[in-house]
Amino acid sequence: MGIQVKYFASLRDRLGRAEDRLEPRGEVTVAEVWAALWPETPLPPNTLTAVNLEYADPGQVVRDGDEVAFFPPVTGG
Amino acid sequence: MGIQVKYFASLRDRLGRAEDRLEPRGEVTVAEVWAALWPETPLPPNTLTAVNLEYADPGQVVRDGDEVAFFPPVTGG
Amino acid sequence: MKVELRSKPFDPLLELGLYQASLDERRPGRYGATAIFIGTMRDFNGDETVRGMTLEHYPGMTERHLQRIVAAARGEWPLLDTLVIHRVGELQPNDPIVLVAVWSAHRAAAFAACRCIMEELKSKAPFWKREDTTDGPRWVEHNTPG
Amino acid sequence: MKVELRSKPFDPLLELGLYQASLDERRPGRYGATAIFIGTMRDFNGDETVRGMTLEHYPGMTERHLQRIVAAARGEWPLLDTLVIHRVGELQPNDPIVLVAVWSAHRAAAFAACRCIMEELKSKAPFWKREDTTDGPRWVEHNTPG
């Protein structure tokens, strides 16, 4: 299955891609998902993270099959 | 001219009349207008008073030609 | 800015639409926030059943105080426009009693001004409600705090 | 209680009328207070001139969080019903962005819940605005506090 990764809004534009897929080697955290995919790009400050459609801390553990999202502060309404 | 006096809502129903006219003898206050018209009925507690369409204290001086109103707490909206 | 008393039933959404259409012509794209309050007659109030209501007012004084309440809100917050309509006369359950609408560039101002106008209206504008209940007519003695 | 995302322009007053008609059938004379907020696209934001806007969202997560925000408000205040509609996609100046309507027996609950839903929506629901300005496209970086 792998971990499905999504980027939104200005972060997606900066990265130049909307999605990634990561095959986890054992247990990984949200922060480790980012580091594995973007080893040379620190997670931009203020970036929000979600796991399976719920807000999550960077330290939250992600499992195979989960969906992880990275996005800037929300600006709806 | 005289002082025009108006009563509203439950106070008007209790008094059984909507208007009075008082010929003032010299300077009178709002409270004295009431006392002159209703010598045996104390001003009911919580009664609000107005002079010329503005809220007024019972001690406010009323002049010939003024309009004085007595009414219960307002309940609009 | 409009303040009106109405002696016949009115449709708040229709009134809003008409007023906003004139606003859109005069100030296109200028407001970001509209806060609206609609007060409607309920058919219950505590234990009794209310079948109808009569709204009395003090002609002249009521209009003057509504205008002043709106002017005070416009002095306190940056508002683009306001609309206040209040019923008088005989009402049936479900009839709208009051409409307060506030247009502003910012939502905090719109919310605060709309709320403030309603609270001031309820505490200062000379209106009196008489309910027709199954136990007969009864004057509402005071408004509940907002 | 309805929460909807719309990809096409909507008319908030029309939506309110339709929704309230169904409410009047189900709960005649039960609500005394309706508090409504309408957020509209402005054509200015600071110094630049905004010509249009694109609203992006996170399908699935956005709906879930809107539902949760409304459910939390319904848990905190005695509400009879709520309606939330939010645009996504491409907007023109003057287009409605969001409608929040709250029906309650009491105005304090209606005002507080409407305000709370808006603030929670702005701070938690995953939407992102990209403005098309005379200087080119620009992502809105953060919402102003309410």
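Proteins come first, then strands; the chains are lettered A, B, ... in the order of their sequence lines, and each starts at number 1.
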For this session: To the nearest 0.5 Å, tell me how far C/Tyr58 OH sits from B/Phe71 CZ.
Result: 7.5 Å
Problem set entry | Contact listing (chain C partner; residues 39-52 of chain B; heavy atom under 4.5 Å) | B/Ala50, B/Asn52
Exercise. Under 4.5 Å between any side-chain heavy atoms of C/Trp139 and B/Thr75, yes or no?
Worked result: no
Exercise. Taking C/His142 for the side chain and B/Val74 for the main chain, is one N or O donor matched with an acceptor at less than 3.5 Å?
Worked result: no
Exercise. Can you tell me if CD on B/Glu27 sees more than 12 non-hydrogen neighbours from other groups inside 6.0 Å?
Worked result: no
Problem set entry | Within 6.0 angstrom of B/Glu19 CD, more than 12 heavy atoms from elsewhere | yes
Exercise. To the nearest 0.5 Å, how far apart are OH in B/Tyr55 and CE in C/Met61?
Worked result: 4.5 Å
Problem set entry | Residue C/His57 versus chain B: region with a heavy atom under 4.5 Å | backbone
Exercise. Does CD belonging to C/Glu90 count more than 12 external heavy atoms closer than 6.0 Å?
Worked result: no
Problem set entry | Flag if over 12 foreign heavy atoms under 6.0 Å of CZ, B/Arg25 | no
Problem set entry | Part of C/Thr54 lying under 4.5 Å from any heavy atom of chain B | neither
Problem set entry | Contact class of C/Arg68 relative to chain B, heavy atoms under 4.5 angstrom | side chain
Exercise. If contact means a heavy atom pair closer than 4.5 Å, which residues of residues 8-18 of chain B contact chain C?
Worked result: B/Phe8, B/Ala9, B/Ser10, B/Arg12, B/Asp13
For this session: Looking only at non-hydrogen atoms, find the nearest pair between B/Leu53 and C/His65 and report the distance.
Result: O-CE1, 3.0 Å
